[in-house]
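Comments concern the structure below.
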Amino acid sequence: SSVSEAALSAAGEAISLCITTAGVLTLWTGLMEVAKTSGVITFATQMIKPLISYLFPRLPKNHPAVELISLNFIANFLGLNWGATPAGLKAMEELANLEKERQNPPHIASDEMCTFLIINISSLQLIPISVIAYRQQYGSVNPSAVIGPAIAATFINTIVAIIFCKIMQMRPAQKKNRKSN
């Protein structure tokens with residue numbers, strides 16, 4: 001009976017946490033839609049184009065993946081991890097289409113795909129919404145106290161990811177091996 005009570009209690013907490021998280025994400029996703037409609041996303045995309053060009057040097061400047069990658073990065077930066085997923089999937093699809101155009105084997109990920117995935121995973125965040133929602137759900141006195149440490153941790157993580165990607169992009173032996181496979 002205590003196992004049943006614990007299971008029911010945990011299920012109730014899980015549902016409550018999902019509702020809280022869904023509410024927070026709905027708010028931020030709605031704000032992202034307003035930002036997209038109002039042109040803020042287009043403006044932000046223009047602002048980070050130099051960064052996109054640096055991270056993805058072989059990606060054509062006006063390729064559809066550029067806006068999708070930018071949208072994904074912006075959503076992740078604002079802590080909308082789940083909200084960033086649709087743009088991330090579409091960006092990866094566009095990068096795969098680019099590789100088809102380049103007539104590269106479909107089973108090999110390009111440098112652009114690997115870079116996008118690694119930087120996406122590193123997830124530089126200004127506002128860790130999910131963590132704040134979890135802390136609020138479990139009664140934290142100050143749920144937003146994690147913002148500073150989260151910014152520092154994700155900043156360092158993203159810098160390391162970028163350095164790793166740039167080192168991997170410079171390895172000529174790896175590129176030759178890719179083309180021969």
Side-chain angles (χ1 to χ4, degrees), residues 3 5-56 65-92 95 109 112-168:
V3 172
E5 286 178 28
L8 289 174
S9 175
E13 283 185 37
I15 290 170
S16 180
L17 182 60
C18 286
I19 291 170
T20 300
T21 304
V24 171
L25 285 173
T26 301
L27 169 69
W28 282 99
T29 303
L31 288 174
M32 284 295 286
E33 282 301 314
V34 169
K36 191 174 182 181
T37 303
S38 68
V40 171
I41 297 297
T42 303
F43 176 75
T45 298
Q46 292 300 319
M47 296 300 291
I48 67 171
K49 267 192 176 180
L51 175 65
I52 300 295
S53 294
Y54 173 74
L55 294 173
F56 306 95
V66 172
E67 185 174 335
L68 293 166
I69 290 169
S70 299
L71 183 59
N72 178 272
F73 283 2
I74 292 165
N76 273 329
F77 182 70
L78 294 175
L80 304 172
N81 307 6
W82 298 329
T85 300
L89 292 173
K90 288 179 186 174
M92 202 55 111
L95 292 172
E112 291 87 1
M113 295 168 109
C114 293
T115 298
F116 176 64
L117 184 61
I118 290 168
I119 292 173
N120 193 21
I121 290 169
S122 76
S123 188
L124 176 61
Q125 290 187 2
L126 177 64
I127 307 166
I129 292 174
S130 300
V131 175
I132 292 170
Y134 296 143
R135 288 174 52 89
Q136 182 177 4
Q137 178 69 30
Y138 289 107
S140 172
V141 176
N142 187 1
S144 61
V146 297
I147 291 176
I151 291 171
T154 60
F155 178 77
I156 291 167
N157 193 31
T158 301
I159 294 298
V160 169
I162 291 169
I163 292 168
F164 173 79
C165 290
K166 287 305 193 182
I167 289 170
M168 295 308 290

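Worth knowing before you read on, the calculation uses all heavy atoms, side chains too, and leaves out hydrogens, waters and symmetry mates. Bear in mind the structure is a predicted one, so any value in this text is a computation, not a measurement.
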Nearest 0.5 angstrom please: [X] [atom1] to [Y] [atom2], how far?
X    : Y    : atom1 : atom2 : value
T158 : I151 : OG1   : CD1   : 12.0 Å
L51  : T45  : CG    : OG1   : 11.5 Å
L71  : T42  : CG    : OG1   : 9.5 Å
C18  : E13  : SG    : CD    : 11.5 Å
I69  : E112 : CD1   : CD    : 8.5 Å
T154 : I159 : OG1   : CD1   : 10.5 Å

Are the side chains of [X] and [Y] in touch, meaning some heavy atoms are under 4.5 Å apart?
X    : Y    : value
L95  : L68  : no
L117 : M113 : no
F77  : I48  : no

Looking only at atom types and distance, does a side-chain atom of [X] sit under 3.5 Å from a main-chain N or O of [Y], one as donor and one as acceptor?
X    : Y    : value
S122 : A161 : no
S9   : E5   : no
T115 : C165 : no
K49  : S70  : no

Between [X] and [Y], which heavy-atom pair has the shortest distance, and what is it?
X    : Y    : answer
R135 : A145 : NH2-CB, 3.9 Å
P143 : S140 : N-OG, 3.4 Å
L126 : I147 : O-CG2, 3.7 Å
A91  : A65  : O-CB, 4.3 Å

Test applied, side-chain contact (heavy atoms from CB on, under 4.5 Å); reference residue, I119; option that passes from N72, L124, I162: I162
Mutual orientation of the aromatic rings belonging to F116 and F56 [parallel < 30°, tilted 30-60°, perpendicular > 60°]: tilted
Over 12 non-hydrogen atoms of neighbours within 6.0 angstrom of OH in Y138: yes
Modelled atom types, side-chain donor and acceptor of N142 and S144, under 3.5 Å: yes
